[in-house]
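What's counted below: heavy atoms across the whole structure, side chains too, no hydrogens, waters or symmetry copies. Reminder, nothing fancy here: chain letters follow the sequence lines and each chain counts from 1.
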There are 2 protein chains.
Amino acid sequence: MTSKYALDREDLTLNARLVRGLREAILSGDLKGGARLVEREMTEMFGVSRGLLREAIQTLASEGLITLVPHKGPVVTLLGREEAAQLYRVRGALEGLACSEFTQRASDEQRQELFDIFARLEAMVVKEEPNALVEAKNDFYRCLLNGAANEVLELMFTQLNNRIVQLRRLTLSASGRFPDTLKEIGRVVNAIRAGDGRRARDMAEAHVAAAAEVVQRRFSELDLDKE
Amino acid sequence: MTSKYALDREDLTLNARLVRGLREAILSGDLKGGARLVEREMTEMFGVSRGLLREAIQTLASEGLITLVPHKGPVVTLLGREEAAQLYRVRGALEGLACSEFTQRASDEQRQELFDIFARLEAMVVKEEPNALVEAKNDFYRCLLNGAANEVLELMFTQLNNRIVQLRRLTLSASGRFPDTLKEIGRVVNAIRAGDGRRARDMAEAHVAAAAEVVQRRFSELDLDKE
DNA sequence: TCAATCATATTGTCTAACAATCTGTCAATA
DNA sequence: TATTGACAGATTGTTAGACAATATGATTGA
């Protein structure tokens, strides 16, 4: 029933747009981890009523981006080292699944697109502006998830990744790791190219584990442990 | 006016209890897949205001239990065969992770508890009331997740499982499969006993895949494909 | 310094209202 | 007959205002 001309009704309700706006404000770092979200301020910031705002907050809370503290108010979720570790472990499992699914389900076009994106990544030098890098990575994952053709997986992975985005401060500063990252992703791509889903998965998990370790190290270096 | 879901407003915030109550009503099957959730009816059913109800609906919508159709109202999510398949694939990955994490993280007590629960499962005969069986299985998973010591995983797995619960109608009727199920889980438990996380994971995935296949078969048999 | 108390801000919840949108009905028309 | 259009009722989308419950910070008293 959904033709390619179907209009996106979601955009129409203020509610949906508010959720997106608030999510964006958190992901972009405008609302930093630990920040309190005072209702009155938020309603002014977004120009919506209290009711709508509270609905949106409920949504983001159940996505994990916001933490609800009864009678104190919502707070932008702040990740500790333990939560970060847990997040990455789950991400490993999901990313692994995405890779193995992609390997056996993706169309030739999708496969080609993934290779192209990877080539674009490879062509980047460390010095290049981080934005382009982040965007290329996003493209990579978007393509991967499309090819995996599993909306449940896509949703969960996206939600998980949204939570991890807050750690970007930690990982970006350690961008000297880029060559390693590239090598790891390369192994994934090669396995996909070879049609070896199992290996693609293992390599993906290894990659995530490596990224997780970097984050843990940064936590130690910056002594960022909150009590 | 007061239904059996009417809340008495005490401890927690009403909001939180409403979410639980509504979730329970869906999981228990009192609100079946496809059912429309008309706001006025729901507010009477739970004895809360429209605002609170809408907040709760947002929450369950982002858990996937409810589907929001703009300007038509919320509907209890109805699973089609394709969504079911996707759900099970992700579940395989998460359950696999849970098993491997359990293997390397669980305490001796938790390990022992898991074995005990499995023994309880083994002792059950097919004829036994399904309720006891479902409960034992729940215990098994609760224990597994506790031992895995990963709250993120626990949350995601629980949410995923909540969505799958709606398919219980399909799987219950095929309870002749119980001996097979038992054998599959047995292999998982054995791997855990042997401390072989990798194998525990593989066996868990195999188990989930088998369950998924049963569901797919039931979809075909009952010709349950919608539209 | 510490503890009890109070004032204020904020959240939790309810009611009422109106606009926008959906649904079904029924007559008019080709 | 089948399609179109218009209309009425029901439901959702959104706002505003109110009040009680709770948290926070300052003040006072010992």
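Contacts of A:Arg105 classified as salt bridge (charged side-chain N to carboxylate O under 4.0 Å, His left out), with partners at least two apart in sequence or in another chain: A:Glu101. Checked against salt bridge (charged side-chain N to carboxylate O under 4.0 Å, His left out), A:Arg201 has the following partners two or more places apart in sequence or in another chain: A:Glu205, B:Glu205. Partners of A:Val48 under the side-chain contact (heavy atoms from CB on, under 4.5 Å) rule, at least two apart in sequence or in another chain, are A:Leu14, A:Leu18, A:Phe46, A:Leu52, A:Leu53. Every residue meeting the side-chain contact (heavy atoms from CB on, under 4.5 Å) condition with A:Arg217, not counting sequence neighbours, appears here in chain and number order: A:Glu213, A:Glu221. Checked against side-chain contact (heavy atoms from CB on, under 4.5 Å), A:Glu135 has no partners two or more places apart in sequence or in another chain. Applying the ring pair (Phe, Tyr, Trp, His ring centres under 6.0 Å) test to A:Phe157 and every residue at least two apart in sequence or in another chain returns A:Tyr141.
The nearest whole Å value for the distance from the CD atom in A:Glu41 to the P atom in C:dT11 is 9 Å. As a whole-Å value, the separation of B:Phe46 CZ from C:dT13 P is 15 Å. Rounded to whole Å, atom P of C:dT21 lies 15 Å from atom CG of A:Asn15. Protein atom CZ of A:Arg40 is 13 Å distant from nucleotide atom C1' of C:dT11, rounded to whole Å. One can place CG of A:Leu37 at 13 Å from C1' of C:dT10, the figure rounded to the nearest angstrom.
Applying the side-chain hydrogen bond (donor to acceptor under 3.5 Å, both in side chains) rule to pairs touching residues 30-47 of chain A yields A:Glu39-A:Arg50, A:Glu39-A:Arg54, sequence neighbours excluded. Among residues at least two apart or in separate chains, there is no ring-ring contact (aromatic ring centres under 6.0 Å, His included) pair with a member in residues 14-40 of chain B. Residue pairs meeting the salt bridge (Lys or Arg N to Asp or Glu O under 4.0 Å) criterion with at least one member in residues 57-75 of chain A, sequence neighbours excluded: A:Arg23-A:Glu63.
First and last contacts of DNA chain D with chain A, using any nucleotide atom under 4.0 Å from a protein heavy atom and ordered 5' to 3', fall at D:dT14 to D:dT24.
Contacts between residues 57-74 of chain A and DNA chain C, counted as heavy-atom distances below 4.0 Å, involve A:Pro70, A:His71, A:Lys72, A:Gly73.
Heavy atoms of A:Leu18 sit nowhere under 4.0 angstrom from any nucleic acid atom.
Environment of CD in B:Glu151: sparse, with no more than 12 heavy atoms of neighbouring residues, nucleotides or ligands closer than 6.0 Å.
Place B:Arg36 and B:Glu55 on DNA chain C by their nearest nucleotides, and B:Glu55 ends up nearer the 5' end.
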Give every pair of a protein N or O atom and an N or O atom of nucleotides 15-18 of chain C that lie under 3.5 Å apart, one pair per line with the distance.
from, atom 1, to, atom 2, distance (Å)
C:dA17, N6, B:Arg50, NH1, 3.2

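Annotation for B:Arg91 and B:Ile164: closest pair CD-CD1, 3.7 Å, computed over non-hydrogen atoms.
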